[in-house]
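Data block below; observations after.
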Amino acid sequence: MSTTLSKFQGALVGAVVGDCIGAIFESLWAKTIHPNKVLKAIENLETDSTEEDHRILPFTDDTAMARSVAKSLIINKGFDASDMAERFSENYFDEPDRGYGGNVVSVFSQLKESNYEDVFGPARKQFNGSGSYGNGGAMRIVPAALFTYKDNDPEKSKVLVTQVTSITHTHNQAILGAILQSYAIDMALNSSNSFSPDEMVDALITLMKMVEDEPKETNKSLKESQKEDNQKWKTYVEKLEVIKKYLKQEEQPTLLTVHTELGADISAFESVPAAVYSFLRSHKDFADLKDRNSFEKTIIYAISLGGDSDTVATMAGAIAGACYGVDSIPISWQKCCEGVEDAKQFAEGLYKLSQMS
Ligand code: F2R
Ligand code: MG
Ligand code: MG
Ligand code: MG
């Protein structure tokens, strides 16, 4: 298999296993989860996978929406807003119990009512016009990152990510979070296993500085909305600077420090940086996880941060899988997660498109 195809499959399968395994813990909304507890659940899964009638962990909304993004991009060979909106909405009405966010479901209803003609209107109207700042855009963005990989152009990537996200999420924090997640996946696709975490975070800071400094035409600006929300953090760049500081420390911060400073909740601003850090931090050693590879460490660490564990793990898994390739994802995990084979097919479809001129 070509390295690029392995990385495409790694990104999509990594996202699926992060979602399915992370979802075991999502409903706890814990501040942190002891890594031994996560490891125990994973060991049970690994033992279980040897049984013929082993259990299958269901995927949640994170994967359901990523599948729609992948299918729509592949079938249309590009972005078709109405088609993607219809897939999101129809999928939700077919399987409403996948654990969707509390408010995004009203966007699906309004999209259906408009017969997918007013594609961006319903999302814009959310939360009195400020749009959703949830991580629902970032959690599903991996197929868009794979689609724009061949262009090697952050500007093109940003445009597609903004379009795909804005069908449901128009708040700047949601869009910028999806852009950061997409840039991290793209860098991982372009990295070897021996990449430098310090250099990667510097490169992300450079890219996000450019994006965050741009004047915003639609919606409220990030600064305005944050003034209203009275949030402690101003920009994604500041969060990336915190990650840079962590990586330089001899001892990495505690889970609680990371949970508190970077966040691990349902907002994009308080979850995408945690996913990026989970990936970068797992390039280093963990005292208790010596026999686990960097992909496995990424997932275990991301879930241990607690909070929105399926979503932090799906985003971290996408980045790690894009870096280390599909062979880094244990077969036992792949066997136990719903939607892995489909993810491989979507990766092939996106890979074929990336090979066309
Ligand atoms: N929601 C969950 N998990 C809980 C499962 C509940 C489920 N009904 C069940 O028990 O079966 N997980 C999923 O939601 C996250 C992604 O959410 P998304 O797509 O961003 O949803 P939404 O509704 O747009 O936003 C989520 C909540 O964030 C708050 N919020 C967003 N923007 C806001 C704003 N501008 N002002 C105030 N609040 C805002 C609201 O509370 C929204 O309901 C992922 O974790 C996914 O796994
Ligand atoms: Mg979910
Ligand atoms: Mg590139
Ligand atoms: Mg979640």
Side-chain angles (χ1 to χ4, degrees), residues 15-30 33 57-69 84-85 88-89 91-93 95-111 120 122-142 161 164-178 181 218-222 224-231 259 263-272 274-275 278 299 302-303 305-318 337-339:
V16 172
V17 305
D19 179 22
C20 295
I21 302 176
I24 300 173
F25 299 92
E26 187 194 17
S27 57
L28 300 178
W29 300 107
I33 302 162
L57 301 173
F59 62 72
T60 79
D61 59 328
D62 305 54
T63 301
M65 296 196 81
R67 287 160 65 96
S68 292
V69 174
M84 200 175 283
F88 286 156
S89 183
N91 252 311
Y92 165 68
F93 287 106
E95 299 186 316
D97 297 328
R98 292 276 186 189
Y100 284 87
N103 288 70
V104 71
V105 298
S106 75
V107 174
F108 300 141
S109 297
Q110 291 169 59
L111 286 168
F120 300 103
R124 260 190 228 120
K125 289 186 213 119
Q126 291 283 84
F127 301 98
N128 296 322
S130 67
S132 170
Y133 55 56
N135 53 23
M139 75 185 184
R140 66 172 186 249
I141 211 62
V142 54
V161 170
V164 170
T165 303
S166 302
I167 297 174
T168 51
H169 293 66
T170 60
H171 195 291
N172 278 319
Q173 286 190 8
I175 294 172
L176 290 168
Q181 170 67 6
T218 54
N219 250 278
K220 297 173 185 177
S221 78
L222 180 65
E224 267 174 55
S225 57
Q226 278 175 338
K227 235 183 264 164
E228 283 168 22
D229 300 342
N230 195 24
Q231 289 199 3
H259 182 108
D265 70 21
I266 48 94
S267 70
F269 197 59
E270 302 271 326
S271 60
V272 180
S278 298
I299 296 293
I303 297 173
L305 286 173
D308 191 0
S309 50
D310 67 329
T311 304
V312 177
T314 204
M315 295 190 293
C337 294
E338 182 191 8

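When a ligand or atom number is given, it counts from 1 through the structure's own listing order.
Among D19, T63, I266, the residue whose heavy atom lies nearest to atom 29 (C) of ligand 1 is I266. Looking at G137, G101, G22, it is G101 that brings a heavy atom closest to atom 21 (O) of ligand 1. Evaluated by nearest non-hydrogen atom to atom 3 (N) of ligand 1, the leading choice among R98, E26, R140 is E26. Scanning Y100, W29, Y133 for the heavy atom closest to atom 37 (C) of ligand 1 points to Y133. By heavy-atom distance, the residue among S132, G134, A174, G136 lying nearest atom 22 (P) of ligand 1 is S132.
Here R140 contributes atom CZ and N135 contributes atom CG; the two are 10.5 Å apart, rounded to the nearest 0.5 Å.
In this structure, atom 10 (O) of ligand 1 is not in close contact with the protein, since no protein heavy atom lies within 4.0 Å of it.
Within the structure, the closest approach of G131 to ligand 1 falls below 4.0 Å when heavy atoms are considered. Residue H169 places a heavy atom less than 4.0 Å from ligand 1. Ligand 1 lies out of reach of F88, whose nearest heavy atom is not under 4.0 Å from it.
Ranking the protein heavy atoms by distance from atom 5 (C) of ligand 1 puts G99 O, 4.1 Å first.
Residue-and-atom listing of protein N/O/S atoms under 2.8 Å from the Mg ion (ligand 4), sorted by chain and number: E26 OE2, D308 OD1, D310 OD1, T311 OG1.
Looking only at distances, no side-chain donor or acceptor of D265 sits under 3.5 Å from a matching main-chain atom of G307. Judged purely by atom type and a 3.5 angstrom limit, E270 has no side-chain atom pairing as donor or acceptor with the backbone of I266. With T170 contributing its side chain and S166 its backbone, the two residues share no donor-acceptor pair below 3.5 Å. For Q181 (side chain) and I141 (main-chain N/O), no donor-acceptor pair under 3.5 Å exists by modelled atom type. Of the possible donor and acceptor atoms, none in the side chain of Q173 sits under 3.5 Å from a partner among the backbone N and O of S267. Not a single donor-acceptor pair under 3.5 Å links the side chain of D62 to the backbone N or O of D19. Formation of a donor-acceptor pair under 3.5 Å by the T314 side chain with backbone atoms of A15 is found in this model.
Between G137 and T165, the shortest heavy-atom distance links the atoms CA-CG2, 3.8 Å. Contact record, T168 with M65: CG2-CE, 4.2 Å, taken as the closest heavy-atom pair.
Between the side chains of S68 and N91, at least one donor N or O sits under 3.5 Å from an acceptor N or O.
Note on ring orientation: taking the six-membered ring where Trp is involved, the planes of F108 and F88 are tilted (angle from 30° to 60°).
Atoms of ligand 1 found under 4.0 Å from any heavy atom of N103 (numbered from 1 in listed order, with element): 23 (O), 40 (C), 42 (C), 43 (O). The atoms of ligand 1 that sit less than 4.0 Å from any heavy atom of S130 are 35 (N). Taking every non-hydrogen atom of D61 and a distance limit under 4.0 Å, the qualifying atoms of ligand 1 come out as 13 (C), 14 (O), 46 (C), 47 (O). Proximity to D308 (heavy-atom distance under 4.0 Å) selects the following atoms of ligand 1: 44 (C), 45 (O). Within the listing of ligand 1, atoms 15 (C), 16 (C), 20 (O), 44 (C), 45 (O) sit less than 4.0 angstrom from a heavy atom of N135.
Considering both main-chain and side-chain atoms, D62 comes within under 3.5 Å of ligand 1 through a nitrogen or oxygen pair. Checked against a 3.5 angstrom limit, the closest N/O atoms of F127 and ligand 1 fall outside it. Polar contact check, D310 against ligand 1: a nitrogen or oxygen pair lies under 3.5 Å apart. Among the atoms of T311, some N or O lies under 3.5 angstrom from an N or O of ligand 1.
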*How far apart are the C-alpha atoms of Q126 and S106, what are their side-chain angles, what is the distance that settles it, and do they pass the side chain to side chain contact (heavy atoms under 4.5 Å, CB included) test?*
CA-CA 9 Å; Q126 291 283 84; S106 75; 3.3 Å; yes
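Residues satisfying the ring pair (Phe, Tyr, Trp, His ring centres under 6.0 Å) criterion with F59, sequence neighbours excluded, are absent altogether.
Using a 4.0 Å cut-off between heavy atoms, D97 makes no contact with ligand 1 at all.
When side chains are defined from C-beta on, D61 counts as touching D310, because their heavy atoms get closer than 4.5 Å.
Ion pairing of R98 with E338 is present here, as a side-chain N (NZ or NE/NH1/NH2) and a carboxylate O approach within less than 4.0 Å.
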